[in-house]
Engineer: 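One structure coming up, written as structure tokens, with questions to follow.
Sequence lines set the chain letters: A, B, ... in the order given, protein chains first and strands last, and positions in each chain run from 1.
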Amino acid sequence: MSFTTPQGVEPFIVSKFFYNKEAAALDYYMKHDGYAAAKKSLAMTPDDVIAEVKKSNLRGRGGAGFPTGMKWSFIPKQSSVPKYVVCNADESEPGTFKDRAIMTYSPHMLIEGMIIAGHAIGSHIGFIYIRGEYVREAEMLEKAIDDAYAKGVLGNKVLGTDFKFDLYVHRGAGAYICGEETGLLNSLEGKRGEPRVKPPFPAIKGAFGGPTVVNNVETLAAIPWIMTNGGEAYAKMGKFPNSGGTRLFCVSGHVNKPGLYEFPVGSVTIRELIYNYCGGILNNRKLRAVIPGGSSAPVLAPHELDIPLDVEPMMKAGTMLGSCGVIVIDESFPLVKAIRVITHFYAHESCGQCTPCREGTRWMEDVIYRIENGKGTLKDVELLSNIAANINGKTLCALGDAAAGPVASFVAKFRSDFEDLIRGGHNA
Amino acid sequence: MSKLLSEDFYKEIKKIKPRYPTNQALLLPALHLAQKEYGWVSKEVMDEIASAIDIPPSVVREVITFYTMYNLKPVGKYHLQVCTNISCCLRGAEDLMHHCEKKLGIHAGETTRDGKFTINHVECLGACGTAPVIQINDDYHENLSPEKIDKIIAELT
Amino acid sequence: MPKCTIDGKEYEFKPGETIIQLADRVGAIKIPRYCYHPALSVVAQCRMCAVEVEKMPKLQTACSTPCAEGMVVKTASPKVKEMQSSVMEFLLINHPLDCPICDKSGECDLQDYSYEYGAADSRYDEQRRTYIDLDMGPVIKKNMNRCIHCTRCIRFCDEVGGYREMIAMKRGNSTEITTSDGKPLETDYAGNLADVCPTGSLTLKEFRFKKRAWMLKKTPSVCEGCSKGCNISIHHEGGTVYRLLPRENQEINKYWLCDEGRFNFHHVNSETRIVEPAVKDGSSLKMTDWKSAVSKAKELAKGNVLVLVGTDLTNEEITDIKKFADTNLKGAALYHFGTPGVTKTSDDKAADKLLKRTSKTANLNGAEKLGLKPYTGEKSGATIVFTGGRAVLPQGISGTVIGVGVFEKEDAAKFEVVLPGLTYAEKNGTVVNYEGREQKFQKSIDPKGKSKAVSDVVKLWV
């Protein structure tokens, strides 16, 4: 990281300890109120814990934005098979790099969040499913967990109570689709990471057939603050209904200060983020496009950047907040190439189960590639939109939508870029 | 038949077995452990893993080919995994890739004749704020440029 | 019983039933599908069975959506038609235009649904994806280029066969469905893969290029491969049997047929089957006419006559033989034969976890019920052997042998007389399976050559 301290606007909840390597240690964490929230939560009833999280309006920080308290409340009270807390640390959405920082500088924040989640849903086993490429981060988590066991923070008597909680790290092996919760569960079970048919939902039949809650790293890392300061305080920070707290925004691409920024949700627009915090466009060039929520989010043109960064406003504007991966593209990079690189990613990561995604993503990539190389026709532009429309909403999981949305948006908003290439001019 | 995988492998499998209610859940960890020993996973090793964790060998085949991180053929001592996804591309990843290919005299997907270096395209590594990024074996090298990667390669040679 | 509405009509459904199960049960509702199969797990991958459900913004796959009280479903709305057409387009962009040379033509789901739900033209201008085919063994011919990745074959091997022989390798558009390390299939049920495959990706090597599916006549029958009595359909044309397919029977074989039963028809068409009456002349059998052959047989069948009855014969035939022996061969002892080592129904056990049984003929139970005792090597001067061609001839039959029924030239080489008879494909009859279930089957083809039914042979004899 190019920074030495958290960036953005206070309060720094999940980025509190960025970029202090010493903060990862258990002793440091304990000295800074570490595990106080877990102690407090373990003295509450599970229902009260869930109620507090519901009050906070915390929405999933992975990309789907599902209300966390509600997700936890779907877990049945009784179960004849073990229940599981699974942390989705498969961070693979292009443009997203926040969970890596949380796990590097605040592994105990995550562990504490998982302990609280376990208590809330009645689970005694947690898995952190971490993408295989994050080797050092996995080692860091293993160390943090070992230290936690040694100090009685994990194990048979968590923090001196009768609550038993075991936590294990499970490494993935290179598959974006394992970030989809049911793909993740299949991968955890040692299978191909292919998403499952829903119903049944993971809350009823998840890991190893048991009720399971799957939450993103950042979501779980926010839980200790909520339990310490109360759900209401978290909710109040949000500027829009049903969405509370802060989020880590990942800015990359053609900005002067790419990196992680934490803001209360909805308090900053895309334009403000890029120009007021990230130093504007690299080399003073002209901004051409912004992908605001990880590569799955429909693209925005330069005049569309006054949208507050929160779930509802972004959805209303025809795009999505997603994983908060803000990718900035200036005039130096051809936009058709950009969407080709992105579409190639989805074609490569498609699990291959369902027809529209398996066949359609590759087809879109091939057509865009042909246009990029000057071998396209005007009909191909229509064709792209049509293929995207035939994938959108018709697939087994959201990867299809994630591939189709961006293509449809690039064609709709930057049609002339495609047509220029077709007509022979290789303009950006 | 003598075992291809070390005592440490079997010890580790034994250690993590109680975590999971099924045998098959041991597969991804087992494949990672096996790959650490040889740098890649051969068919013979796949069969040994199958019998070590008691699952059909066919299941090992179908799972291992789903994931990109398991090498099905040998790789060089240093595996240069160059991210060429969007954020890295915006910060010069394609040029960086061509530079590496030229420097080492191989194309992406190939290994140098002395067995030292392999280059491959990979998807987003989750370090977009410090693009462009190359992962060499287990470590991320961020904020790269052609000069910086030259220096790193020189140190590794 | 709860109710839901499909295409404007109300239907009662069983709790837990999915929309596709309800549609299939009532019969009148057409929902196209590839990956769904009633005997296999639901994967909702092909997306072809999508239907419109009121109040749900996206189309839902009928195979994975349980019916709900008051649910309103449309199976042919404009949105549904659009999705069906787009799924067809996606499936066809990489599918080779092999229909003119593909065995599946005429009974191919891809063809049928393309015609009903797809577009007439292709918009695809890119390179088609191709694979290299591996040899899957003696039963199945693989053509991976034709595969539409429905995964029925994988699920069949795993869920019905009990072993994950077929697997998916790689992922995304490059996914290849193959066997582990390209090894040949080991299962005894490989033929079913050609049945479940909705395209010509997995076809029977045995049937390859033999006959166009639409030229075949189909006659229901019962497999004579063992005492399970699986229901089959004999596909034939011009007096030749081309293949056997399983017929659905939820109580016996569900949808399946073992390979031994599936390929048990070569003796029907065999070029070395004796189809004319024959009498030994010197050292070999010479073809002759019925009158001469029967007369020679009558001449030889004197004294201590032994009558051996194959347990592959029908109840009707065995009854006729008993009556004939009673009236014309006074003092003749009758015994049944069929499977070495399995001489009683109490010896007849399951040979595997699925369908096969240790008694390798269809009517051991019937023969026993009709009062016949098993042959245990009794000797005599003259033996008359009745068989339908499936029963295994006992070793060391003594004395002069008269064969009545279906014989290969090689097997009857030492016989004095052969009176050619009918295989199961050439007659009507009743057989009793191991459970005591009586099943009638129909004649598919006319008797080959000059072969005659047992009842006709008996008429000539008396």
Side-chain angles (χ1 to χ4, degrees), chain A residues 1-2 81-82 91-97 99-100 125 127 131-136 139 166 168 170-176 178 187-194 208-210 250-254 258-260 282 291 295 325 327-330 332-333 337-338 341-342 344-345 348-349 351, chain B residues 16 18-33 35-36 41 49 53 55 59-71 81 83-94 120-133 135 137-140 142-143:
Chain A
M1 297 288 152
S2 34
V81 286
E91 182 168 67
S92 306
E93 178 79 20
T96 318
F97 45 99
D99 298 336
R100 181 170 171 240
I125 317 175
F127 283 102
R131 65 176 293 182
E133 294 87 344
Y134 283 175
V135 185
R136 301 294 169 231
E139 287 170 356
D166 282 314
Y168 309 115
H170 187 100
R171 288 178 63 211
Y176 165 74
C178 291
S187 185
L188 176 64
E189 295 181 12
K191 303 176 182 155
R192 290 163 66 84
E194 296 166 336
F208 309 109
C250 321
V251 188
S252 63
H254 296 143
L260 293 166
L282 203 55
I291 300 171
S295 63
I327 306 169
V328 180
I329 310 175
D330 72 28
S332 70
F333 198 90
K337 182 165 161 180
V341 169
I342 291 171
H344 168 80
F345 168 71
H348 185 228
E349 298 294 338
C351 76
Chain B
I16 65 176
R19 300 179 181 181
Y20 306 100
T22 66
N23 286 342
Q24 194 164 342
L26 292 163
L27 184 51
L28 265 68
L31 287 168
H32 278 303
L33 287 166
Q35 180 153 291
K36 241 199 335 209
V41 187
I49 292 173
I53 66 178
I55 60 171
V59 171
V60 183
R61 298 323 190 256
E62 72 173 0
V63 172
I64 197 177
T65 57
F66 184 85
Y67 299 96
T68 58
M69 282 184 72
Y70 297 126
N71 302 320
Q81 299 155 92
C83 172
T84 48
N85 206 312
I86 184 68
S87 295
C88 282
C89 258
L90 292 170
R91 300 298 289 238
E94 282 193 327
N120 264 312
H121 285 278
V122 292
E123 299 296 351
C124 181
L125 288 168
C128 323
T130 48
V133 178
Q135 181 171 18
N137 295 354
D138 292 341
D139 294 299
Y140 279 28
E142 302 168 64
N143 287 313

Engineer: Are Tyr67(B) and Ser187(A) close enough that a side-chain donor and a side-chain acceptor fall under 3.5 Å?
Structural biologist: yes
Engineer: Going from CD on Glu142(B) to CZ on Arg91(B), what distance comes out if it is rounded to the nearest 0.5 angstrom?
Structural biologist: 13.0 Å
Engineer: Given heavy-atom pairs under 4.5 angstrom as the criterion, report whether the side chain, backbone, both or neither of Phe345(A) touches chain B.
Structural biologist: both
Engineer: Please report the interatomic distance OH(Tyr140(B)) to SG(Cys83(B)), rounded to the nearest 0.5 Å.
Structural biologist: 9.0 Å
Engineer: Is chain B contacted by the side chain of Leu282(A), its backbone, both, or neither, given a heavy-atom distance below 4.5 Å?
Structural biologist: side chain
Engineer: Will you find, in the side chains of Glu189(A) and Tyr20(B), an N or O donor that is under 3.5 Å from an N or O acceptor?
Structural biologist: no
Engineer: Heavy-atom cut-off 4.5 Å, strictly under: side chain, backbone, both or neither for Phe127(A) against chain B?
Structural biologist: side chain
Engineer: For Val81(A), which atoms come within 4.5 Å of any heavy atom of chain B: side chain, backbone, both, or neither?
Structural biologist: neither
Engineer: Measure Glu62(B) against the heavy atoms of chain A and call it side chain, backbone, both or neither at under 4.5 Å.
Structural biologist: both
Engineer: Could you tell me which portion of Cys351(A) (side chain, backbone, both or neither) has an atom closer than 4.5 angstrom to a non-hydrogen atom of chain B?
Structural biologist: both
Engineer: Taking every heavy-atom pair that is under 4.5 Å apart, which of Thr22(B), Asp139(B), Leu26(B), Thr84(B) has the most such pairs with chain A?
Structural biologist: Asp139(B)
Engineer: Considering only heavy atoms from C-beta outward, does the side chain of Tyr176(A) approach that of Cys124(B) to under 4.5 Å?
Structural biologist: no
Engineer: Below 4.5 Å, heavy-atom pairs only: which of Val59(B), Ile64(B), Leu27(B), Leu28(B) has the largest tally toward chain A?
Structural biologist: Leu28(B)
Engineer: Where on Glu194(A) is there a heavy atom nearer than 4.5 Å to chain B: the side chain, the backbone, both, or neither?
Structural biologist: both
Engineer: For chain B, which candidate among His344(A), Glu91(A), His348(A), Glu139(A) shows the most heavy-atom pairs at distances under 4.5 Å?
Structural biologist: His348(A)
Engineer: Less than 4.5 Å apart, side chain to side chain, heavy atoms only: is that true for Glu349(A) and Ser92(A)?
Structural biologist: no
Engineer: Do Arg100(A) and Phe97(A) meet the cation-pi criteria used here (NZ or CZ under 6.0 Å from the six-membered ring centre, within 45° of the axis)?
Structural biologist: no
